[in-house]
Amino acid sequence: MNSPEQPLPTFDEVLLCTPQTSAEQVGLFLRRCLIPSQGGNKIYTMLYADELSYDVSCRAEELFQHLQCYSSSYRLIILCNCERENSYLPSAFSHYKVHMIPQRSQEDIQQYLQHHFRVAQPSSSAAAVFKEHMCVGIVSSKRAGMGK
């Protein structure tokens with residue numbers, strides 16, 4: 001995010017975890033991260049790793065310990081809900097824990113994302129319904145089930 005031209009993460013760099021995420025999906029992700037390849041200096045991120053089931057978390061930790069010997073220069077970020085930091089995976093990796101303070105203002109982050117999500121020619125695009133011709137948007141309501 002040092003310049004607007006830096007790309008967003010690609011699909012293979014991010015794993016969005018849910019309680020239904022399988023050990024196979026986590027294993028593939030960890031292999032991409034920890035086994036050196038021609039892919040360059042990617043930063044891999046597991047989002048909501050605290051949501052993984054106990055069995056999947058155990059297998060992920062075991063695989064991580066096994067694969068870690070292949071590379072000492074991996075870049076892996078595991079993001080968790082701070083209210084669930086006592087679940088298995090965050091506890092297992094707690095000795096790697098780094099408290100981070102955002103280095104950019106919220107406004108800078110929003111401008112960076114707007115640069116990447118703006119549709120160039122919104123003539124017949126669904127992006128015309130979102131603010132400033134963005135191809136993504138967040139729709140929320142304080143009232144549940146209101147047709148979002």
Side-chain angles (χ1 to χ4, degrees), residues 1-122 125-141 148:
M1 210 186 103
N2 291 327
S3 81
E5 302 311 313
Q6 284 183 309
L8 292 169
T10 58
F11 71 94
D12 65 328
E13 294 176 87
V14 179
L15 178 64
L16 180 60
C17 301
T18 68
Q20 290 75 36
T21 301
S22 69
E24 181 181 4
Q25 290 171 307
V26 175
L28 290 171
F29 179 78
L30 289 175
R31 282 180 179 83
R32 278 195 303 266
C33 173
L34 296 169
I35 296 177
S37 69
Q38 309 271 347
N41 294 327
K42 294 183 175 186
I43 300 173
Y44 294 89
T45 307
M46 288 179 71
L47 298 170
Y48 304 115
D50 54 293
E51 297 267 336
L52 294 172
S53 70
Y54 180 80
D55 291 337
V56 171
S57 295
C58 289
R59 290 177 64 187
E61 182 195 13
E62 289 173 11
L63 183 60
F64 176 83
Q65 298 300 337
H66 174 73
L67 294 175
Q68 192 177 15
C69 66
Y70 288 101
S71 176
S72 60
S73 63
Y74 62 88
R75 299 198 286 176
L76 173 63
I77 299 169
I78 301 174
L79 295 174
C80 302
N81 182 339
C82 65
E83 294 174 5
R84 294 180 43 115
E85 66 183 346
N86 293 326
S87 60
Y88 186 87
L89 211 54
S91 296
F93 288 91
S94 64
H95 57 285
Y96 295 106
K97 189 178 200 176
V98 175
H99 291 283
M100 195 177 134
I101 299 170
Q103 299 296 311
R104 303 282 184 187
S105 68
Q106 182 177 355
E107 184 177 295
D108 288 345
I109 294 169
Q110 287 173 340
Q111 287 177 356
Y112 172 79
L113 292 173
Q114 285 176 355
H115 173 77
H116 287 285
F117 289 126
R118 184 169 284 123
V119 175
Q121 295 296 327
S125 170
V129 300
F130 289 114
K131 181 180 176 184
E132 298 178 10
H133 306 294
M134 296 291 126
C135 62
V136 296
I138 297 174
V139 178
S140 65
S141 172
K148 295 182 286 294

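Predicted model only: the values in this text are computed from it and were never measured.
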message: Test side-chain contact (heavy atoms from CB on, under 4.5 Å) on Met46 and Val14; report intermediate values, then the result.
response: CA-CA 6 Å; Met46 288 179 71; Val14 179; over 6 Å; no
- request: Please test Glu62 against His66 for side-chain contact (heavy atoms from CB on, under 4.5 Å), starting from the C-alpha separation and ending with a verdict.
  value: CA-CA 6 Å; Glu62 289 173 11; His66 174 73; over 6 Å; no
Test side-chain contact (heavy atoms from CB on, under 4.5 Å) applied to Arg31 and Leu63, step by step: CA-CA 9 Å; Arg31 282 180 179 83; Leu63 183 60; 3.6 Å; yes
- request: Show your reasoning for whether side-chain contact (heavy atoms from CB on, under 4.5 Å) applies to Val26 and Leu15.
  value: CA-CA 8 Å; Val26 175; Leu15 178 64; 4.0 Å; yes
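Smallest separation of non-hydrogen atoms from Gln25 and Gln20: OE1-O, 4.3 Å. The nearest pair of heavy atoms linking Leu52 to Ser57 is CB-OG, 3.4 Å. Considering every non-hydrogen atom in both Ala23 and Val56, the closest pair reads N-CG2, 3.8 Å.
The line from CD of Gln68 to CD1 of Ile35 is 13.0 Å long, rounded to the nearest 0.5 Å. One finds the OH atom of Tyr74 at 14.0 Å from the CD1 atom of Ile43 (value rounded to the nearest 0.5 Å). With values rounded to the nearest 0.5 angstrom, Cys17 atom SG is found 8.0 Å from Leu89 atom CG. How far OG1 of Thr18 is from CD of Glu51: 7.5 Å, rounded to the nearest 0.5 Å. Distance OG/Ser94 to CG/Asn86: 9.5 Å, rounded to 0.5 Å. A distance of 11.5 Å separates CG in Leu28 from CG in Asp12, rounded to the nearest 0.5 Å.
Within a 6.0 Å sphere centred on CD of Gln65, heavy atoms belonging to other residues, nucleotides or ligands number more than 12. When the shell of 6.0 Å around CZ of Arg32 is examined, it contains more than 12 heavy atoms from other residues, nucleotides or ligands.
Taking Arg84 as the reference, Asp50 meet the salt bridge (charged side-chain N to carboxylate O under 4.0 Å, His left out) condition, with sequence neighbours excluded. Residues passing the side-chain hydrogen bond (donor to acceptor under 3.5 Å, both in side chains) test with Tyr54, sequence neighbours excluded: none. With sequence neighbours excluded, no residue satisfies salt bridge (charged side-chain N to carboxylate O under 4.0 Å, His left out) with Asp55.
At least one side-chain heavy atom of Pro90 sits under 4.5 Å from a side-chain heavy atom of Cys80. Residues Tyr48 and Thr21 form no side-chain contact, since every pair of their non-hydrogen atoms from C-beta on lies 4.5 Å or further apart.
Partner of Tyr44 under the side-chain contact (heavy atoms from CB on, under 4.5 Å) criterion, chosen from Leu30, Leu76, Ile77: Leu76.
Remark: aromatic rings of Tyr88 and Phe93 are distant, center separation not under 6.0 Å.
For the pair Glu61 (side chain) and Cys58 (backbone), a donor-acceptor distance under 3.5 Å is absent.
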